[in-house]
Amino acid sequence: MRDISMERVNGTRQEILDIIKSSTLTHEQKMVCLAGKADSLLEVLDLPEGLDELLNAPIETQCICDLNEGHAPMRPRYIAPDYEKFLKEGSAFLQLEPPKDLFEALNALLIIYKHVPSITNYPVYLGQLDELLEPYIDTVDEQTARKLIRLFLLQIDRTILDSFSHADIGPRPTRTGLYILEAEKELEDAVPNLSLKYEEGVTDDAFMLSAIDCALHSAKPSFANHLMFQKELTDRYVIASCYNGLPLGGGSYTLCRLILGNIAKRASGIEDFKTRELPRVMEIMAAYMDERIRFEVEESGFFEHNFLIKEGLVSRDRFTAMFGLVGLAEAVNLLLEKEGRKGRFGHDQAANDLGVEIMDIIDAFNQSHVNPYCEVTGGHFLLHAQVGIASDIGVTPGTRIPIGEEPEELIDQLLVLSRFHHYFPSGTGDIFPIDVTVHRNPEYVLDIIKGSFRKNLRYLSFYSKDSDVIRVTGYLVKRSEMEKLDAGTAVLQDTTALGLGASKNGKILERKVR
Amino acid sequence: MTKNNETTAVVNKIIPFSSVDGPGCRTAVFLQGCNINCRYCHNPETRKKCIACGECVLACPAGALKRVRDGGGSFRILWDREKCVGCDTCIKVCPHDASPRVRVMTPSQVMERIRRQIPFIRGISVSGGECMLYPKFLTELFTLARREGLGTLIDSNGTISFRDFPELLSVSDGVMLDIKAFDRADHLRITDAPNDTVLDNALFLGEQGKLYEVRFVIAPHLYDGRKSVEGAGRFLLDVYRQHPFRIKLIACRPMGVRRLYRDFRSPSGTELSMLRDLLTDLGYREILLI
């Protein structure tokens, strides 16, 4: 372990004191922040040359960002346990027998959630809830089943205090799935995040209309293109955290992101960007990710000692990593400007074509980079269109068109998106606030989803422009909770603070209503 | 209307994704010109054809309009789509209920604009103005649309008899029909036109299973909505039982209405709900309040 300066120690000590005295953090939030500060004092990773300048820079120039993963990763960033196996076999560590009815199944899940770590310290994956619970749904009468599921979801919202916690349903319609949708529509809570895996012909229209109805009240579920994910990740995949497609029974070691707009700032023009600056930054980021993964696998001890590993609920060889990026729009616009060419990303053919060229370069790099611990995805990372963080200013998530610059017509926006979603098996997505008149025509949304998935879009979210729960970038918050926090009151969920930051820095309340 | 022997229509607007012109996501095509004069018309700029008076040219803040001589000594207004900023000043100042921003298009030109939305749309709806002023155009457009697997709906005020256009009906999924008033005198007062053909169309289309939707615009300042809805409800009950259709009760709102007719009270949600209950009691099922 390398030494650090006393100046840095003292700086951190002051930050620790600030956290302890904070009036807007809850006790749990303080604990998480304090742990982060402890970890920040470590220097145990063998960092690639050139990283410091690209990583430790203000947001105006930063080219690589590790999304606060810390200096000594002690567990994979995203963990997606095989809850089906857990329910089938119980857990020796948790001293739980396999559940026999719905009461026991829900209770068992609520117990294990407390013990599934992640970057947020809350589970980012809560399971394929419909298929997990459907075998138990007839062990109680219908009214009781509905009530139990409602209470289960309520408890999740009030105890898993982070809306990166994600549950999945679909593609098959089930009674459990329907009860979940009915409950979420009424609860209008931010947690859990919810995805419906949609497959035309398997997910019937009636089930979809219930899901859309729910989405227009509570901003969830989002809709995932099941066939697309299945083709890339097989049937054993999950949607976790924001919208991340990951192997079930595994997850992702790490997620770092390229800030493309800032990489473009370093380039003299398009050619320089494509052949020199971008490849160099990608090399460094991949090396950094390799090192983080090496530490997790070889030194952290997680893969030897955690009960999830010991009981086979996750296995090391089902983990991969996410090679993320943001700010394609800024990169394209800036590069065209540097060349003295006209065109805005999202609007002009030349700009969109340049976006595709850049993505092809990133994709090719990723396909040629091999990490020994990513066997599950052929030895490669998965590309990820990162949704941004609260402190981002002038950084558009992933390959999205910047808020405020959306094409006038939704069709034009969708046709642009259809060129980019396919690059990202570990997640991308777009978000559309919808005018309330659509409440009377939910098939409007259904048609857009069907068309989008036929056109190779991957993941779509909708919310009603007037609802309290809204989707910030990938996660959900309540406007009413953001207002409380803004007024200086501590609020239950840590994601509220992220939403508040994003609403101030990222214009998320100004998306074009469709 | 024909151009080089091709059927054409004056197209006011094409909305790529509409959520309010029939079921699901549809491309809505608005044709220019109307044969009646609803006092509450919400898009009066679609009512008439431009006479090239030039008022809009002077008012246009973007310089997107020009008045030019059109061969034979008459004038027409040229609209520069690139310069246009979409501020709607032209249609606000038009003294003639028209718009300079129209295009004369053939069915295949319109189809070209629709094709872009496939596979996001389940169909198209043609509205107006009164689109039944262009029955041949509609027939050709719908034939093309059906070839692409799209649904086809007509939005009509019902004053032109559908009995005369069996070929059009054979390529239409159905009609969304306005019944502006059930009482003949009310209809005349609201629209300057009688409703004999409207009611005949309602029965005829209903029997054919081509009545997709019946709409009532509830405007308390103009007529007794309750009397109208109840009367029409009873009148159509038999055909409804053969081929159910959907009913929309729309609160008349001042947005877009001509200044002369804009000063009125919109009906409340409660008033609409009472009308819905009345129809429900009669046996109607799918009733939307807008």
Side-chain angles (χ1 to χ4, degrees), chain A residues 198 200-201 205-206 208-209 212-213 215-216 223 225 227-228 342 347-349 406-419 421 430 432-457 460 462-466 512-514, chain B residues 13-29 42 81-82 84-88 101 112-125 145 148-151 153 155 173 176 212-213 215 246-251 253 255 269 272-273 276 285-290:
Chain A
Y198 177 74
E200 204 172 336
D205 285 0
M208 275 297 275
L209 291 174
I212 291 164
D213 186 31
L216 294 178
F223 301 92
N225 187 341
L227 286 178
M228 197 170 183
K342 277 194 184 155
H347 294 266
D348 301 293
Q349 178 80 20
E406 300 98 331
E408 191 56 32
E409 298 295 346
L410 179 55
I411 175 66
D412 296 322
Q413 188 173 359
L414 292 170
L415 290 177
V416 174
L417 305 182
S418 73
R419 301 184 70 185
H421 275 205
D430 278 272
F432 306 98
I434 292 286
D435 192 293
V436 284
T437 51
V438 174
H439 281 276
R440 298 178 196 102
N441 184 6
E443 284 105 339
Y444 171 75
V445 178
L446 178 61
D447 288 355
I448 290 172
I449 294 168
K450 284 183 179 176
S452 296
F453 288 174
R454 286 183 206 154
K455 281 284 206 183
N456 250 358
L457 270 81
L460 301 171
F462 302 88
Y463 61 86
S464 167
K465 72 177 170 73
D466 297 330
K512 191 165 177 63
V513 176
R514 300 300 188 176
Chain B
K13 189 163 46 176
I14 297 175
I15 297 181
F17 284 1
S18 169
S19 64
V20 295
D21 294 285
C25 183
R26 315 177 75 83
T27 296
V29 180
H42 286 70
R81 188 189 299 263
E82 294 301 310
C84 178
V85 294
C87 66
D88 288 352
R101 294 178 304 182
E112 204 46 52
R113 296 273 301 274
I114 293 166
R115 204 167 279 126
R116 195 174 150 75
Q117 279 77 254
I118 299 172
F120 298 93
I121 52 170
R122 68 173 64 180
I124 64 170
S125 299
E148 308 267 355
L150 294 174
L153 283 174
D155 178 342
D173 297 340
M176 298 181 282
Y212 174 75
E213 174 180 289
R215 292 185 297 216
R246 162 170 116 162
I247 295 181
K248 257 189 194 168
L249 298 171
I250 303 167
R253 296 186 178 88
M255 285 93 73
L272 289 193
S273 300
R276 178 189 53 205
R285 285 296 159 259
E286 202 186 344
I287 305 163
L288 294 175
L289 310 187
I290 306 286

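We use all heavy atoms of the structure for the numbers below, so side chains are in, but hydrogens, waters and symmetry mates are not. Throughout, a chain's letter reflects where its sequence line sits, starting with A, and its residues are numbered from 1.
Screening A:Phe223, A:Tyr444, A:Phe462 for a side-chain contact (heavy atoms from CB on, under 4.5 Å) with A:Ile212, the sole residue that qualifies is A:Phe223.
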Worksheet entry | Residues B:Asp155, B:Arg215; criterion salt bridge (charged side-chain N to carboxylate O under 4.0 Å, His left out); working and verdict | CA-CA 10 Å; B:Asp155 178 342; B:Arg215 292 185 297 216; 2.4 Å; yes
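At distances below 3.5 Å, not a single donor-acceptor pair connects side-chain atoms of A:Asn456 with backbone N or O atoms of A:Ser418.
With respect to chain B, the highest number of heavy-atom pairs below 4.5 Å among A:Leu446, A:Ile449, A:Asp412 belongs to A:Asp412. Most heavy-atom pairs under 4.5 Å with chain A, from the set B:Pro23, B:Gly24, B:Gly22: that is B:Gly24. Top candidate by heavy-atom pairs under 4.5 Å with chain B, chosen from A:Lys450, A:Glu408, A:Lys455, is A:Lys455.
B:Ile118 touches chain A through its backbone: at least one of N, CA, C or O sits under 4.5 Å from a heavy atom, while the side chain does not. The contact between B:Arg116 and chain A is made by backbone and side chain atoms together, counting heavy-atom distances below 4.5 Å.
Using a 4.0 Å cut-off between a side-chain N of Lys or Arg and a carboxylate O of Asp or Glu, B:Arg122 and A:Asp447 qualify as a salt bridge. Salt bridge annotation for A:Arg454-A:Glu200: present, with a cationic side-chain nitrogen under 4.0 angstrom from a carboxylate oxygen.
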